[in-house]
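Here is the structure we will look at, set down as structure tokens.
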Amino acid sequence: MKYIIEHMEAGFTEWVILEYSQIIRDIGSENLILTSLPKEITENEIPKRLLDLGLQWTNKDVSEVIGETNKENVCLLDPAAKSDLVPEDSSNFEYFVFGGILGDHPPRDRTGELREKYGFVGKRLGNLQMTTDTAVRTTQLIISKKTKFEDIKFIDYPEIRFNKHEATEMPFRYILDDEGTPILPTGMIDLIKKDNEKTLDDFF
């Protein structure tokens, strides 16, 4: 199975770098392709941390990468799709496409741009918005591990607590690990805390 992220952000924020890094660690760089980077971007402008992890990337869009003849083998993970992804879909699709989008709250259905542009078969991962790394992790569990969506342990809108007085709620659905803790990319808690402190400083 190949996982394709159609990059839909202007560049690489720290949040995006952490998410993409975690995805590479989870599924292997050989199974991930980052598509649709701006035409003017060169390797010198790709974050070194991603290149060091073996990131595969291209300025081409997803349709150019897979070829027109493979269109029926592509699944777009789409919150607006009519049916959910199931383990049996592992025999129906070879490519799984995700919109590399920094989540909006409330969601703006930016995946709709991919739906209209390519016309791929769409499958849903439940009814709540996930981060990109969570969506890939969920797809991997369903497709590779043959785990039913309803058997995956999730937490919705978890509160991330930094100390007795500081906490923030994340407006996404996350997978829980074996200890009941939301799975976030390595380094994400520190970034959220830093951003939270920066926001608080704006009030003073």
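The heavy-atom pair separating D84 from D89 by the smallest distance is O-OD2, 4.1 Å. Of all heavy-atom pairs spanning E159 and R161, the tightest one is OE1-NH2, 3.4 Å. Smallest separation of non-hydrogen atoms from A135 and M130: CA-SD, 3.9 Å. Residues H7 and F12 share a closest heavy-atom pair of CE1-CE2, 4.1 Å. Between T147 and P87 the shortest heavy-atom distance is O-CG, 3.9 Å. Counting all heavy atoms, side chain and backbone alike, W57 lies closest to I41 at CH2-O, 3.9 Å.
Using cut-offs of 30° and 60° on the angle between ring planes, the pair F96 and F93 is perpendicular.
When atom types are taken as modelled, the side chain of K2 and the backbone of E30 share a donor-acceptor pair closer than 3.5 angstrom. In this structure a side-chain-to-backbone donor-acceptor pair under 3.5 Å is missing from E19 to V16. Remark: side-chain polar atoms of K71 are not paired, donor with acceptor, to backbone N or O of S63 under 3.5 angstrom. In this structure, E6 contributes its side chain and D61 its backbone to no donor-acceptor pair below 3.5 Å.
Side-chain contact between M1 and S90: present, with at least one pair of heavy atoms (C-beta onward) separated by less than 4.5 Å. A heavy-atom distance below 4.5 Å is not found between the side chains of F149 and L141.
Taking the side chain to side chain donor-acceptor pair (under 3.5 Å) definition, one finds that N59 meets it with nothing, sequence neighbours left out. Scanning for side chain to side chain donor-acceptor pair (under 3.5 Å) contacts around N163 gives E166, with sequence neighbours left out.
Checked by atom type, the side-chain pair T186/Q22 shows a donor-acceptor distance below 3.5 Å.
The hydrophobic clustering, which links ILVMFWY residues whose side-chain heavy atoms are closer than 4.5 Å, places Y3 and V86 apart.
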